[in-house]
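Worksheet: one structure, shown below.
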Protein chains: 2
Amino acid sequence: MVEESSKSPDVLSSIMDAAIKNFAEKGYEGARVDEIARDANVNKATIYYHIGGKEALYKAVLSRVLTSGADMIVENVGKASTPEEKVAAYVDTILNGVLAGREDFTRIMMREMAGGGADIPHDVLDNMMRKILGTAVGLVSVGVEQGKLAPASPILIHMMIVGGIAFMRATEGLRAKHQGATMELDPRIVNEMKSGLSDQITKILLHGLTLREERKMNPTGESSGVGKQQKP
Amino acid sequence: MVEESSKSPDVLSSIMDAAIKNFAEKGYEGARVDEIARDANVNKATIYYHIGGKEALYKAVLSRVLTSGADMIVENVGKASTPEEKVAAYVDTILNGVLAGREDFTRIMMREMAGGGADIPHDVLDNMMRKILGTAVGLVSVGVEQGKLAPASPILIHMMIVGGIAFMRATEGLRAKHQGATMELDPRIVNEMKSGLSDQITKILLHGLTLREERKMNPTGESSGVGKQQKP
DNA sequence: TAAGTTATACTGACTGGTTAGTTGGGTCAC
DNA sequence: GTGACCCAACTAACCAGTCAGTATAACTTA
């Protein structure tokens with residue numbers, strides 16, 4: 001009689017959420033449709049009614065995961081003016097925009113890459129490649145032309161960013177348990193590690209590790225005057 | 001008793017090889033014991049006789065994958081003298097020593113990280129953490145103390161190397177098909193991309209992307225006319 | 001507007017193919 | 001013969017996908 005919930009609040013998104021969680025934790029083969037249904041508080045057949053099947057569900061999840069970030073990167077990098085700022089924007093957008101609070105996305109992406117990306121729908125892949133890698137290519141190209149960036153493979157840059165972030169994220173739990181390797185660290189390093197991951201990556205990418213000559217590092221950290229070097 | 005494998009040519013290693021291949025391609029859940037047995041030209045029960053089961057087989061594979069490289073890194077980095085050479089040795093060992101011709105290892109590692117590394121046996125993980133990360137920590141620490149390297153998180157450095165390599169490797173097939181994003185690249189970038197991945201990564205890590213004033217980058221080798229720029 | 005019809009959203013119970021693991025027996029070197 | 005090594009065939013469980021059925025909203029028509 002009285003409707004506790006006339007229409008379901010949003011069956012589809014609860015299915016998607018549960019699917020993302022399960023696929024992220026256990027991978028495509030490891031995830032169970034029954035469990036996804038249970039997590040979504042939905043009858044299994046409902047999933048088949050709405051989406052079609054396990055594979056269709058996974059493809060839907062993949063599209064959502066992979067599509068969501070591309071435009072954000074294009075936009076934010078576009079806003080930045082100098083090549084250096086563009087690199088920073090690139091890193092920052094991936095870390096704090098695309099992947100912020102979405103460990104699940106990272107995990108699914110890692111698994112998908114491990115599998116060679118065979119399951120990624122072609123149009124999604126195409127779109128992603130064009131936008132994200134295109135942005136990276138443009139960024140480096142302009143920087144090189146302007147004499148501001150050293151020539152480097154934009155794809156490699158992209159992969160070092162994404163790969164670095166993904167591996168850092170994925171191993172967070174692991175490292176928390178096994179922090180035996182922390183050993184005695186130089187206080188300057190400890191300090192540096194306190195700044196945000198985005199800043200750290202940007203700094204490494206822009207300035208590298210080599211210190212030239214006698215230039216003292218700003219010991220208080222923060223991304224201030226780190227990359228200032230004189231002649232070799 | 002006598003030797004390890006007295007009888008068959010080498011049943012155990014053919015099982016392991018087949019297992020590595022299958023786990024790499026399909027993950028733990030996706031791999032089929034029957035198929036591993038078939039690939040190894042062995043009856044399925046033989047696997048159970050020698051190893052015990054699917055999970056034990058996977059653990060064995062994991063140990064082999066993860067253990068194999070640690071000592072190599074420690075040794076090669078130890079041989080190098082300056083911090084810069086150590087960084088180069090670190091990158092080069094991971095790429096050309098640990099992972100050379102072993103895409104399977106990379107894939108298994110990626111999946112395992114995506115899953116949070118829950119399956120990695122504790123002693124293996126401990127050993128790996130101590131050796132590999134310990135080496136990275138030592139490397140950066142010494143470099144910083146000597147005033148030759150900028151302070152940076154050794155873990156992040158490690159993850160950018162491994163993550164970058166893993167993602168580059170994993171997406172090779174993918175990128176070959178979708179090379180639409182290659183666009184018009186500056187010839188200097190194209191040239192840079194011709195040098196080995198190990199050199200490229202080392203260069204980025206050591207020198208970064210930023211070009212300072214009128215200074216040549218001192219390219220590691222071939223990539224000659226790289227650093228010639230005017231001011232903007 | 002009441003009765004009849006169709007469309008949409010969902011469910012509980014079932015099924016059949018797949019797959020990890022077992023069993024009991026066979027071979028061969030010593 | 002005896003024990004390490006290997007096999008073909010079997011089994012029990014699991015799990016993706018199906019189906020017949022319920023409920024209700026949404027039209028249709030007389």
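Within every chain, numbering begins at 1; the chains are lettered A, B, ... in the order of the sequence lines, protein sequences first and strands thereafter. Keep in mind the model is a prediction, meaning the values are calculated, not measured.
- Across the protein-nucleic acid pair, A/Y58 atom OH and D/dG17 atom P stand 15 Å apart, rounded to whole Å.
- Comparing B/A45 and A/Y49 by the nucleotide of DNA chain C that holds the closest heavy atom to each, the one mapping nearer the 5' end is A/Y49.
- Applying the 3.5 Å distance criterion, the base of C/dG21 shares a donor-acceptor pair with the side chain of B/K44.
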Stepwise side-chain contact (heavy atoms from CB on, under 4.5 Å) check, B/F167 with B/E172 = CA-CA 8 Å; B/F167 275 47; B/E172 253 163 29; over 6 Å; no
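- For the pair A/K44/A/I36, no side-chain contact is recorded, criterion being any heavy-atom separation below 4.5 Å from C-beta on.
- For the pair B/E192 and B/D186, the minimum side-chain heavy-atom distance is 4.5 Å or more.
- Using bins of under 30°, 30° to 60° and over 60° for the plane-to-plane angle, the ring pair A/Y28/A/Y58 lands in the tilted bin.
- Straight-line distance from the CD1 atom of B/I15 to the P atom of D/dC6: 8 Å, rounded to whole Å.
- At the phosphate of C/dC10, neither OP1 nor OP2 sits under 4.0 Å from any side-chain N or O atom of A/N43.
- When the shell of 6.0 Å around CD of A/E55 is examined, it contains 12 or fewer heavy atoms from other residues, nucleotides or ligands.
- Base engagement by A/T46 is indicated by at least one non-hydrogen atom pair under 4.0 Å involving a base atom.
- In the set C/dA9, C/dA20, D/dA16, C/dA9 carries the atom at the smallest distance from any side-chain atom of A/H50.
- In this structure, B/L12 atom CG and D/dC6 atom C1' are separated by 13 Å, rounded to whole Å.
- For the pair B/L57 CG and C/dT19 C1', the computed distance is 15 Å after rounding to whole Å.
- The minimum heavy-atom distance linking A/R175 with A/M168 is given by the pair NH1-O, 3.0 Å.
- Between the side chains of A/N22 and A/D39, at least one donor-acceptor pair of N or O atoms lies under 3.5 Å.
- Atom pair B/I51:CD1 and D/dC6:P shows a separation of 11 Å (rounding to whole Å applied).
- Looking at residues 24-40 of chain B, you'll see that no heavy atom sits under 4.0 Å from any atom of DNA chain D.
- When the C1' atom of C/dT22 is taken as reference, atom OH of B/Y48 falls 9 Å away, rounded to whole Å.
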